[in-house]
A.B. asks: 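Before I ask anything, here is the structure I am working with.
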Amino acid sequence: MADYSKEEIKNIEQKWRNEWEKRALYKVTNDTSKTKYYVLDMFPYPSGAGLHVGHPLGYIASDIVARFKRIKGFNVLHPMGFDAFGLPAEQYALEHGIHPAISTQDNINNFKRQLGKIGFCYDWSREVQTCDPSYYKWTQWIFLQIFNSWFNRKKEKAQRISELITIFEEEGNANHPIQNSKFRIQSFSSTEWKGFDEKTQQEILMQCRLAYLAYTDVNWCEALGTVLANDEVINGVSYRGGFPVVKKQMRQWSLRITEYADRLLKGLDEIDFSESMKDIQRNWIGKSVGAELEFKIQNSKFKIKVFTTRPDTIFGVDFMVIAPEHELVKEITTDAQREDIDKYLKYVESRSEVDRMAEVKKITGAFTGAYANNPFNGKQIPIWISEYVLAGYGTGAIMAVPCGDERDHKFAKHFKLPITNIIGSHYNGEEANPTKDAILENSDFLNGMVMRDAIGVAIQKLEEEGIGKRQVNYKMRDAGWSRQRYWGEPFPVVFKDDMPYAMKESELPLELPPSDNFKPSGNGEGPLANLTDWINFSPNAKRDSNTMPTHAGAAWYFLRYMDPHNTSAFADPKALDYWNQVDVYIGGAEHAVAHLLYARLWTKVLHDLGYLKFDEPFKKLINQGKITGDSRFVYRLRGSNKFVSSGLKSNHETDELHVDISIVHGLELDIDAFKKWKPDFANAEFILEESKYICGSAIEKMSKSYFNVVNPDEIINNYGADTLRMYEMFLGPLEASKPWSTQGIDGVFKFLRKVWNLIHDQTGNLKVSEAEPTRQELKVLYKTIKKIEQDIENFSFNTSVSEFMICVNELGSLKCNKRAIVEPLVIALSPFAPHIAEELWEKLGHKESILTATYPKYDDQYLVESTFSYPISINGKVRAQMEFALDMPKEDIEKIVLASEIVQKWTEGKPPKKMIVVQGRIVNVVL
RNA sequence: GCCCGGGUGGUGGAAUUGGUAGACACGCAGGACUUAAAAUCCUGUGGAUAGUAAUAUCUGUACGGGUUCAAGUCCCGUCCUGGGUACCA
């Protein structure tokens, strides 16, 4: 009895999970007397497959941090919830006829059961579910705040739309021009504003709102009768089924995230995300600084605006290219070229997304017959159209500089256009050179300047002459916010006269109407369009048939945890103020651009509107790596039931089959188990190498169909949750992605048993001595505590597990079972292995949970390696100090002293700057 | 193509940021206990050469150069590899 056996582990872990719940130990209060610490996991989408070993990796890490900070004396918020709206539940409903609400609840229950077994210290009383009306009431409410805001570019912040209306009433829009150049009304006075009818006013406001309706392209899949999200479209065909996808214009909600591009970019400097994560966001935002300038078209009233990042190359412009969709194409094409252009436009129209993606390198285009003039020297420039210029970026038109831009160069060569060289020997005639370091030639007033410097000069000149101006462009587009789905938040608006109006707060939530029809309506609208009574709920008012994307609920859930049951606000300002930013946010890197950007955006808008004091939600972000599966293969001879070992398969024609990883040891197949695995294989024959069957292997994603999934329940049944927790941490650095393998889990289990045995004798009785610890024992303990503390602060949990192992090995060899050593060790271990720590803590005579303990302090004097220094004197003067370790053997010290005298002779009396001494030997001397 | 990471024993991975490379663990080998097995414990374990041995010497962090008293770590080039992005002017 009382051995750390598998049976005993189950009892211990169950006992403590019950105790924790019974004593409500994880309940967190908004207690403002303590310093707060907010540790957040990215809440999961509760998929039907349940948890696999990859999920808990980040959760375990955050749980360790939460428990650590707690025993460090912080008031720790460590909540969990579910991102419960989403496509898979709807898909499941279509296939199995089970309502998403029901399957989602089932899945959540299963997740909670699995999470409960791992011993996390979540405060479940703060759980949020995004599909809960009491939650999405506030998602809708925040959406309406965004809808009722506009972005004041002068102040670079969001303001209430009511303030904009006041401005329009007082002064028209002279100071706040319409940004959409295609909108029919561009400027108006205050009297004009007052004269507009209601609908016109609403249309104007729609051009300014941060959440706005507009016709935008969607990915329409005719075969599936539905609209697809970007990530459901792979290389121009649908992810499911591989059907063609085309662009279709639909009236949809978007969030004007582009207005925040610059603040989202600047905000990155203040927050602690990994550089790669910041890079991804920066690339996504895609800021480029350059100039916008106008080219006059010959014999025409039109001008073409282009955007360029390289105004310094203005004298190298040999032609211009505009997008085929550009509005001026029809206007400027000459009669002589009309046939060519029409032919090309037809060709472009016929090209699907797939073709374009596949043939990026293909050079196509047509000449319009029109010419523009270089704004500086009047040089005649032919105007072409080509699909390599995108209508959606910049102005949809470019000035082509073939000697400096690769695509322009290829285009010029292909159509035999002349190429002006402005960079001398930097251009070899064969390929473009995008350098900024060349000295400009053939460039009029820029001649002789280094290109890098000429950029600013050119912009200044453009501005002086009124030809152009400095301009910043972003790759990022506004965020499409409509989904043609059922299982999401309905938009809390009503349409009157085709314009949306915000619902009143008292009317929220606008609940998702009950339905059992989840099929798309077929005309591009989602399933809600089938509910005509709900849509047309009143004779002159309609609802939106779209729902919000899952990003909506996830864009603010971290705020709701602070005050989850509030019915009068999304959270109390005091709670928001106290908990403030998330101190550490742990989750997968796959959310780099979508979720994290939207959460940052919503935070910034709420900040601007005065609801939050902070404008970045996450102070620090840690991306845990993916745990991938380690698959095994067998090779079946084609058309037979004979399997050939991996090393010999090249001699045969074989098919590769996944085999269950549980019947393979390392790479060697358990042949008997294999025969029993599936009836088909009962009579299988084998071609062996060295009398073994060796399997092939590959690292791939964990998936049931690959037979490489490891369910945490299995590990917990075998070894207990504490071993699982420590093993997942021991596997490698948190941020690295790594294949799952249970090789080595025994080592972690043995470690825990050693801890157990440290204070139990062979018969299972407690053996703790009250004796004073020795200096050596204290050193072992303090060294460990200090290292662990640093490791946790650095999120380096793999090394901290090693550190514990070293410590227990050393204490074991010292035969140390003293209370003064063991107790602090158990406290330090408790964040990693809470169950065993609680049990030992109780056995050591404590009535209160170990969560109420205080993280042990260490005494530096026991850790210092170098405690005294020996002066080296040269010519009677002390010239350098040498440091010695306190516990260095005496003989070694004598050796060094001797050596240092030799060194002095060797260095001819020059004082060494530094001497490297390792284990009593002088390794190196720095003069 | 462009922008970031990464490449260390049979395996997962350490290395105080330029200072004994391979901590810790797995695996493997040998030993102890046992009638036996399991479990547990102990010892060894990058490679090569020499030696009965303790040990000694050389070599070694993808490859080729370089800086430095000293390089896994810094610089240049090459090759693999993971991620992001894609005609963004």
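Predicted model only: the values in this text are computed from it and were never measured. We name chains A, B, ... by the order of the sequence lines, and we start the count at 1 in each one.
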A.B. asks: Taking atom P in both B/G66 and B/G60, compute the distance separating them and give it to the nearest angstrom.
C.D. replies: 14 Å
A.B. asks: Would you mind classifying the nucleic acid contact of A/Val801 as base, sugar-phosphate or nothing, using non-hydrogen atoms under 4.0 angstrom?
C.D. replies: nothing
A.B. asks: Please determine, for the side chain of A/Phe730, which listed nucleotide (B/A89, B/C4, B/A25) has the closest atom?
C.D. replies: B/A25
A.B. asks: When all nucleic acid strands are considered with a 4.0 Å heavy-atom cut-off, which category describes A/Pro739: base, sugar-phosphate, or nothing?
C.D. replies: nothing
A.B. asks: Just to be sure I understand the rule, does A/Leu390 reach a base, reach only the sugar-phosphate, or reach nothing, if contact means heavy atoms closer than 4.0 Å?
C.D. replies: base
A.B. asks: Taking syn as within 90° of 0 and anti otherwise, name the glycosidic form of B/G65.
C.D. replies: anti
A.B. asks: Grab the NZ-P distance between A/Lys362 and B/C87 for me, whole Å please.
C.D. replies: 16 Å
A.B. asks: So A/Lys754 and A/Leu811, do their side chains get closer than 4.5 Å, heavy atoms only?
C.D. replies: no
A.B. asks: Using the P atom as the reference point in each nucleotide, state the distance between B/G7 and B/C75 in Å, no decimals.
C.D. replies: 14 Å
A.B. asks: Take atom CG of A/Leu57 and atom C1' of B/G12, then tell me their distance rounded to the nearest Å.
C.D. replies: 14 Å
A.B. asks: What integer number of Å spans the C1' atoms of B/U17 and B/C74?
C.D. replies: 11 Å
A.B. asks: For B/G84 and B/U49, measure between their P atoms and round to the nearest Å.
C.D. replies: 46 Å
A.B. asks: With heavy atoms under 4.0 Å as the rule, sort A/Asp408 into base, sugar-phosphate or nothing.
C.D. replies: nothing
A.B. asks: Among B/C24, B/A14, B/C87, which is the nearest nucleotide to the side chain of A/Thr799?
C.D. replies: B/A14
A.B. asks: Whole angstroms only, please: what is the NZ-P distance between A/Lys738 and B/G6?
C.D. replies: 15 Å
A.B. asks: Does B/A89 have OP1 or OP2 under 4.0 Å away from a side-chain N or O of A/Ser288?
C.D. replies: yes
A.B. asks: Provide the distance between the two P atoms, one in B/U73 and one in B/G19, to the nearest whole Å.
C.D. replies: 11 Å
A.B. asks: Determine, step by step, whether A/Tyr858 and A/Leu781 satisfy the side-chain contact (heavy atoms from CB on, under 4.5 Å) criterion, reporting the C-alpha distance in whole Å, the side-chain angles of both residues, the deciding distance to 0.1 Å, and the verdict.
C.D. replies: CA-CA 8 Å; A/Tyr858 53 86; A/Leu781 176 73; over 6 Å; no
A.B. asks: Identify whether the distance between the nearest side-chain nitrogen and carboxylate oxygen of A/Asp746 and A/Lys750 falls below 4.0 Å.
C.D. replies: no
A.B. asks: Can you figure out which of B/C87, B/U11, B/C24 approaches the side chain of A/Arg407 most closely?
C.D. replies: B/C87
A.B. asks: Below 4.0 angstrom, N of the basic side chain to O of the carboxylate: do A/Arg282 and A/Asp269 qualify?
C.D. replies: yes
A.B. asks: Please produce a list of atom pairs where a protein N or O lies less than 3.5 Å from an N or O of nucleotides 37-45 of chain B.
C.D. replies:
from	atom 1	to	atom 2	distance (Å)
B/U40	OP1	A/Arg753	NH2	2.4

A.B. asks: Under 4.0 Å between a side-chain N or O of A/Asn283 and OP1 or OP2 of B/C2?
C.D. replies: no
A.B. asks: For A/Arg310 and A/Ser276, find the nucleotide of RNA chain B closest to each by heavy atoms; which residue's nucleotide sits nearer the 5' end?
C.D. replies: A/Ser276
A.B. asks: Between B/A86 and B/C80, how far is it from one C1' atom to the other, in whole Å?
C.D. replies: 23 Å
A.B. asks: Evaluate the criterion ring pair (Phe, Tyr, Trp, His ring centres under 6.0 Å) for residue pair A/Phe730 and A/Tyr727; output intermediate values, then yes/no.
C.D. replies: CA-CA 5 Å; A/Phe730 186 57; A/Tyr727 181 61; 7.0 Å; no
A.B. asks: What's the separation between atom CD in A/Glu803 and atom OG in A/Ser796, rounded to the nearest 0.5 Å?
C.D. replies: 9.5 Å
A.B. asks: Report the residue from A/Tyr4, A/Phe751, A/Phe749 that forms a ring-ring contact (aromatic ring centres under 6.0 Å, His included) with A/Tyr719.
C.D. replies: A/Phe749
A.B. asks: Tell me whether A/Asn765 contacts the main-chain N or O of A/Asp761 through its side chain, where contact means a donor paired with an acceptor under 3.5 Å.
C.D. replies: no
A.B. asks: A/Gln471: which residues meet the side chain to side chain donor-acceptor pair (under 3.5 Å) condition with it, sequence neighbours left out?
C.D. replies: none
A.B. asks: Quick one: does any side-chain atom of A/Lys738 pair with a main-chain N or O of A/Ala736 as donor and acceptor, under 3.5 Å?
C.D. replies: yes
A.B. asks: Roughly, in whole Å, what's the span from CD1 in A/Ile280 to P in B/C2?
C.D. replies: 18 Å
A.B. asks: Can you check the distance between B/A36 and B/A25, where both ends of the measurement are the P atom (answer in whole Å)?
C.D. replies: 29 Å
A.B. asks: Which residue, A/Glu275 or A/Gly747, contacts RNA chain B at a nucleotide closer to its 5' end, judged by nearest heavy atom?
C.D. replies: A/Glu275
A.B. asks: May I ask you to say what A/Asn473 touches in the nucleic acid, namely base, sugar-phosphate or nothing, with a heavy-atom cut-off under 4.0 Å?
C.D. replies: nothing
A.B. asks: Any stems for RNA chain B, made of 3 or more Watson-Crick or G-U pairs in a row, each with both distances under 3.5 Å?
C.D. replies: B:1-7 with B:79-85, B:10-12 with B:24-26, B:27-32 with B:40-45, B:46-50 with B:55-59, B:62-66 with B:74-78
A.B. asks: Backbone N or O of A/Val401 within a donor-acceptor pair of the A/Asp408 side chain at under 3.5 Å?
C.D. replies: yes
A.B. asks: Distance between the P atoms of B/C28 and B/U20, in whole angstroms?
C.D. replies: 32 Å
A.B. asks: Should B/U35 be called syn or anti, with syn set as within 90° of 0?
C.D. replies: anti
A.B. asks: From the set B/A23, B/C4, B/A89, return the single nucleotide nearest to any side-chain atom of A/Asp279.
C.D. replies: B/C4
A.B. asks: Taking CD1 from A/Ile745 and C1' from B/G27, how many angstroms apart are they, rounded to a whole number?
C.D. replies: 16 Å
A.B. asks: How many whole angstroms separate atom CZ of A/Arg477 from atom P of B/A86?
C.D. replies: 12 Å
A.B. asks: Nearest to the A/Gln743 side chain among B/C24, B/A14, B/U11, which nucleotide is it?
C.D. replies: B/U11
A.B. asks: Cation-pi between A/Lys303 and A/Phe295: NZ/CZ under 6.0 Å from ring centre and within 45° of the ring axis?
C.D. replies: no
A.B. asks: Whole Å only: how far is the CG atom of A/Asn794 from the P atom of B/A14?
C.D. replies: 13 Å
